[in-house]
Amino acid sequence: AQTVTQSQPEMSVQEAETVTLSCTYDTSENNYYLFWYKQPPSRQMILVIRQEAYKQQNATENRFSVNFQKAAKSFSLKISDSQLGDTAMYFCAFMSLTQGGSEKLVFGKGTKLTVNP
Amino acid sequence: DAMVIQNPRYQVTQFGKPVTLSCSQTLNHNVMYWYQQKSSQAPKLLFHYYDKDFNNEADTPDNFQSRRPNTSFCFLDIRSPGLGDAAMYLCATSSRSWETQYFGPGTRLLVL
């Protein structure tokens, strides 16, 4: 079974600075997706970024970028120029693509990020 | 705007009194999911529908049931809520099971 580990339960960063959230995963699969989801306080979970395992290039979305190290099974999220609105719980998630139509997200336990003014 | 809608946002029920949570979507997605998320924990998948095909997780208690009468709507029924069922319940949809999931705002259930 796949597992996702987020080793930082809580982090804080000053506004405008850069922060990196760690995520490692364990799988024997070769074909999968990785995700970072953001869940702001009392608001819905939204997708931040997605990475296909077959792509060597790291995904980026504006201020958000990932460092995907497939051999090391590491998938960290870098947030540049942190903003107060980035305060949220961040979940790393894994999805195997070999389940024949029953693909599921496996979530890590989350990292609570606080951006301080 | 296309979206995933959950009603109600907050639900209070009594111990043992059946309760139904609702999810609707305007994305016309084939797959709908129900997750349970307890405080400060990761979402836990309860079950999902791929079109009309129901897929239950092995560790989902029998107390939890689901219905999907059409593409747009999906319901979560808790037949006899216990105190341990107090949680946030998240609905999500995706166009295919391997595609990105879009989440609703959740329904927070309180069991008295």
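We name chains A, B, ... by the order of the sequence lines, and we start the count at 1 in each one. Below, each value reflects all heavy atoms present in this structure, side chains not excepted, and no hydrogens, waters or symmetry copies.
Residue A:Phe107 comes nearest to A:Val4 through the heavy atom pair C-CB, 4.1 Å, listed as atom of the first residue, atom of the second, then distance.
Neither the backbone nor the side chain of B:Gln6 comes within contact range of chain A, judged by heavy atoms closer than 4.5 Å. No part of A:Ile46 comes within reach of chain B, as not one of its non-hydrogen atoms sits under 4.5 angstrom from that chain. For A:Gln39, the part lying under 4.5 angstrom from a heavy atom of chain B is the side chain only. For B:Arg9, the part lying near chain A is the side chain, with the backbone staying farther off; criterion is any non-hydrogen pair under 4.5 Å.
Interface check for chain A: of the options B:Arg108, B:Met88, B:Glu99, B:Arg96, the most heavy-atom pairs under 4.5 Å are formed by B:Glu99. Among the candidates B:Ala92, B:Ser94, B:Pro43, B:Gly104, the residue making the largest number of heavy-atom pairs closer than 4.5 Å to chain A is B:Pro43.
Using bins of under 30°, 30° to 60° and over 60° for the plane-to-plane angle, the ring pair B:Phe73/B:Phe75 lands in the parallel bin. A tilted orientation is assigned to the rings of A:Phe64 and A:Tyr90, their planes being inclined by 30° to 60°.
The pair B:Lys44-B:Glu57 does not meet the salt-bridge criterion, since no charged nitrogen lies less than 4.0 angstrom from a carboxylate oxygen.
Geometrically, B:Arg68 does not engage B:Phe54 in a cation-pi contact defined by less than 6.0 Å to the ring centre and at most 45° from the axis.
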